[in-house]
Amino acid sequence: MQTGRDVRIAKDLVAASAIPLVLAILDEGESYGYAILKRIDELSGGELEWTDGMLYPLLHRLDRLGYVEARWVSPQGGRRRRYYRITPAGRDALSEQRRQWEVVAGALQNAWRSFQVVSSTPLSVQPMGDG
Amino acid sequence: MAAMDASIEAQIREWRSYLLRRRTIDHTDVDELEDHLRNQISELGAAGLSGDESFLVAIKRIGAVNELSREFARERSSRLWKQLVLAGDTVRERAGSEYAEFFVMLGFAVAAALAFKLPAAFGIDPFAAETSDSANIDSEASFYLRNASVLALPFLVGFLAWKRSLPARVIAGLAVPFFAAAVLINVFPFGSGDMELFAARSSDTERLAAIHLPIILWLVAGVAYLSGAWRADTPRMDFVRFTGEWFIYYTLIAFGGVVLTALTVGVFEAIQIDMEPIVTSWVLPCGAVGAIIVVAWLVEAKQSVIENMAPVLTSVFTPLFALMLVAAILGMAVTGNIIDAERDVLILLDVLLVLILGLVLYSWSARDPDTSPALMDAVQLVLVVSALVIDVVALAAILSRITEFGFTPNRTAGLGLNVVLLANLVWSAWLLSAFLRGRRLFSDLERWQTTYIPVYAVWAAIVVAVFPPLFAFA
């Protein structure tokens, strides 16, 4: 249980945003697991909570889909570390994801113009709709 | 925080071995997670937490091992298979089912051995030398030549079907090729044409069919191994790996078996009991057939053993084969002696090429697709390219022979096999060199090989079913 956070993002949202986030971070440059999680923390102001370990199966999935490439780097006298790099196919997927998210975000913005967030109650995101 | 203290190191080791007990998480995954864990621990330590505290927090943040291994399993279909093979989540649960599985396996193995000897009840027993005259021996040996795989492999398929709990519909589907093969190969009037001329040896089309039939039936066993999911590429590669491991285990066990029987015969000879008739008519044939199933069981039950051995074997033999082929090509180039298109030489070359393709295929199936191109991949390229050269030379020799003397079953089979191998080798060499230059992913290589597998089945089916009538059963 996290304490001291006033916003907790629902699991579904974390999961849905995981791929575009990781791809966008790798688009900034080659990186490895721990650094990617740090970057997610930075980008979300610490509000996106991941179970750290889950990043790795996700990275392997992106690898299998051909969106990223993995390689082991072993520095002299150091522990080897697996680095991930985005591929052209990954960039394509990222721009597609971005397009979709923009549509979703835009629709939400429009829908919420008249809706005021009541600031006194702690905000928690409910699963929206059941399609 | 350069060095972690000893108690943390011990805890990390324990956590590692706990993770490794999960069949879906392998060494490289754990290495990656450990790197993460260590980063987290040092950061928490730098923020002022004690060693133990940082370890606990870091472990908690990585997540529950159960969930983690499930996520990995979902991503790694190949390892998911492995997990399904030994069902049950906990070690204790598994122990019980392993016993049951062992006895079922034994039942299938004994049944296979007995079925293999069943023709003896009808007087077909080429293994017992003195019971029949020499003319009969030929026809009996030829019966076994044709039927060995039809007699032995259904039990392997049966065992795999039991293990995967295949539905009856799938099992019925798997039985079709066996019935078709059994009918076809026994109805064909092999050697009816020029039997007087070549009375001493069985007909060529018969022998070709006998060699190619096991390939088809083995691939049928592959469908059972993959629970019918043979259309997907990744599971197919699992079957390639299974085949390679099966081959290695079988060779080891056959070798051990030969040593054991030789010693047995020797010991009994010393006390003046002649064991040889029993050994040749029962122990060797039954052992060889039963071992097919025992080995299939061993490959999966003791997978981790062979997984450690296989990369070592392939990395020993890949350079050696490459060296041998390069030397042979140099020898041909220097002396100008092109391969002599005699039958034995061509057979030898074909066996060599098949073996090399098997070696390459197997080492690819065991390779971690994530690792970047290494020296061994370059050695493999040398191997593939030199096999390609040998293949082209052999093909030229066969073609010249055919233009000179016309088509015979053996030459046509050789021609077809060499063309099938050539197509595979050319594209493999191209993909491998592209992979070494960083232009292609390793998974492209895997996909090429797995999509090519049906080609072998089709070719083998042609040799078994079309060749005999085409060449008038010569």
Side-chain angles (χ1 to χ4, degrees), chain A residues 1-5 11 14-15 18-19 22 26 30-42 46 48-75 77-90 92-93, chain B residues 2 4 12 15 19 22 24-44 57-80 233-234 368-374 435 438-444 446-447:
Chain A
M1 295 290 110
Q2 299 87 5
T3 51
R5 298 215 189 283
K11 257 188 176 168
V14 175
I19 289 181
V22 169
L26 289 177
E30 195 177 33
S31 188
Y32 60 96
Y34 189 73
I36 294 172
L37 281 168
K38 288 268 113 186
R39 187 81 184 111
I40 291 175
D41 216 37
E42 249 171 67
L48 264 179
E49 277 288 326
W50 281 49
T51 309
D52 290 0
M54 294 305 174
L55 173 67
Y56 295 94
L58 176 74
L59 284 169
H60 293 180
R61 176 149 133 243
L62 294 175
D63 187 25
R64 180 167 56 78
L65 293 169
Y67 293 170
V68 304
E69 269 175 353
R71 66 189 180 105
W72 285 100
V73 175
S74 17
R79 230 158 239 298
R80 64 181 193 148
R81 176 174 282 167
R82 180 133 68 177
Y83 278 85
Y84 296 87
R85 184 170 48 193
I86 194 165
T87 63
D92 291 347
Chain B
M4 315 234 169
I12 291 180
W15 173 78
L19 277 181
R22 306 288 157 149
T24 52
I25 305 181
D26 73 4
H27 273 280
T28 57
D29 297 331
V30 176
D31 281 354
E32 197 175 19
L33 289 168
E34 184 185 338
D35 180 47
H36 181 101
L37 189 74
R38 285 176 184 276
N39 278 315
Q40 183 85 71
I41 291 174
S42 15
E43 191 181 306
L44 291 168
V57 172
I59 286 287
K60 180 115 179 74
R61 295 204 49 159
I62 275 203
V65 171
N66 274 334
E67 279 172 43
L68 210 54
S69 82
R70 207 173 315 125
E71 273 306 301
F72 271 110
R74 208 168 290 157
E75 277 331 304
R76 299 287 176 86
S77 52
S78 66
R79 288 183 206 151
L80 185 65
D233 285 337
T234 327
D368 178 1
D370 284 349
T371 47
S372 45
F435 169 66
R439 299 273 170 78
R440 286 282 196 151
L441 295 176
F442 191 76
S443 50
D444 293 336
E446 286 186 333
R447 203 167 309 123

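Chain A is the first sequence line, chain B the second, and so forth, proteins listed ahead of strands; every chain is numbered from 1. As a basis for the values below, the full set of heavy atoms in this structure was taken, side chains included, without hydrogen atoms, waters or symmetry mates.
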In terms of side-chain geometry, is the basic nitrogen of Glu42(A) or Lys38(A) positioned less than 4.0 Å from the acidic oxygen of its partner? no

The interface call for Leu441(B) against chain A, heavy-atom contacts under 4.5 Å, is side chain

Check: Any idea how Tyr34(A) and His36(B) line up, ring-wise: parallel (<30°), tilted (30 to 60°), or perpendicular (>60°)?
Finding: perpendicular

Row check, Tyr32(A) ring normal vs Arg81(A) NZ/CZ: under 6.0 Å, within 45°: yes

So, the part of Leu37(A) with a heavy atom under 4.5 Å from chain B: the answer is side chain

If one checks every heavy atom of Arg61(A) against chain B at 4.5 Å, the contacting part turns out to be both

Honestly, the part of Gln40(B) sitting under 4.5 Å from a heavy atom of chain A is both

Practice prompt. Without swapping roles, check the side chain of Thr87(A) against the backbone of Gly66(A) for a donor-acceptor pair under 3.5 Å.
Written response: yes

